[in-house]
Amino acid sequence: MSCDKVAVWIYDTIVYPRAGGAPAANPDMPEDIRRDYDEASAILDQSPRGAAALIRLAIQKLCKELGQPGKNINEDIGALVRGGLDPRVQQALDIVRVVGNSAVHPGQIDLRDDRKTAETLYHASEHDRG
């Protein structure tokens with residue numbers, strides 16, 4: 001009611017528009033990466049594992065945008081850290097390297113991922129958005 005836009009509710013749950021609850025993407029984020037990030041946000045409630053996989057993909061694409069090969073997120077993050085990243089960004093990317101451990105490659109979903117894992121990845125990516 002307060003925004004004067006259409007919203008559809010089923011009982012006490014809003015079903016349209018879907019709100020993911022993730023931080024908004026940085027306006028400077030490349031459009032291709034923003035689409036993955038926004039899609040991950042949109043599915044966070046319905047599929048935390050899918051959201052975690054998409055946010056990892058977005059972070060890996062961001063690493064590639066920053067000059068890394070984009071083939072292995074662990075190696076890309078390691079190279080960026082060795083290149084002298086800001087300590088806050090290093091910490092955020094280390095979270096990405098540790099969370100999900102074996103599911104750090106695009107297209108591979110860790111069956112142990114849950115909403116908390118996906119939210120952790122979002123908060124980690126907040127530090128290196130753009």
Side-chain angles (χ1 to χ4, degrees):
M1 293 181 94
S2 64
C3 69
D4 294 325
K5 294 185 180 178
V6 174
V8 178
W9 292 76
I10 296 178
Y11 299 104
D12 62 347
T13 304
I14 190 167
V15 295
Y16 178 84
R18 289 190 176 168
N26 186 301
D28 295 331
M29 186 180 288
E31 187 60 33
D32 178 46
I33 299 169
R34 182 190 309 237
R35 278 192 305 271
D36 292 334
Y37 185 91
D38 290 344
E39 182 178 346
S41 176
I43 68 168
L44 181 58
D45 286 333
Q46 292 77 30
S47 178
R49 292 183 308 162
L54 281 168
I55 196 65
R56 286 187 187 104
L57 175 62
I59 291 169
Q60 187 158 3
K61 285 180 176 180
L62 184 59
C63 287
K64 189 170 184 176
E65 186 78 21
L66 295 172
Q68 299 308 309
K71 299 200 185 296
N72 181 299
I73 194 170
N74 278 332
E75 292 174 10
D76 290 351
I77 291 170
L80 289 170
V81 168
R82 287 189 299 278
L85 282 178
D86 178 287
R88 293 171 296 163
V89 176
Q90 288 179 359
Q91 289 173 347
L93 292 176
D94 281 339
I95 290 169
V96 173
R97 279 204 288 191
V98 172
V99 172
N101 196 13
S102 63
V104 291
H105 303 290
Q108 181 179 4
I109 296 176
D110 188 332
L111 298 178
R112 297 167 295 177
D113 282 343
D114 57 13
R115 184 179 175 97
K116 183 174 170 134
T117 300
E119 287 174 343
T120 299
L121 292 171
Y122 273 110
H123 293 297
S125 69
E126 264 187 304
H127 296 288
D128 69 333
R129 290 184 293 169

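- Checking side-chain atoms of Gln60 against main-chain N and O of Gly70 turns up a donor-acceptor pair under 3.5 Å.
- Note: Ile77 CD1 to Leu85 CG = 9.5 Å, rounded to the nearest 0.5 Å.
- The two residues Ala40 and Ala51 have their closest heavy-atom pair at O-CB, 3.4 Å.
- Atom-to-atom distance recorded for Lys61:NZ and Leu54:CG is 8.5 Å, nearest 0.5 angstrom.
- Taken to the nearest 0.5 Å, the CD1 atom of Ile59 stands 9.0 Å off from the OH atom of Tyr37.
- Tested against Arg35, the residues Asp32, Ile33, Asp38 include a single side chain to side chain contact (heavy atoms under 4.5 Å, CB included) partner, Asp32.
- Note that CD of Gln68 is 10.0 Å distant from CD of Glu75, once rounded to the nearest 0.5 Å.
- In this structure, CG on Asp36 lies 10.0 Å from CE on Met29, to the nearest 0.5 angstrom.
- Atom SG of Cys63 and atom CD1 of Ile73 lie 5.5 Å apart (nearest 0.5 Å).
- At least one donor-acceptor pair under 3.5 Å links the side chain of Arg34 to the backbone N or O of Pro27.
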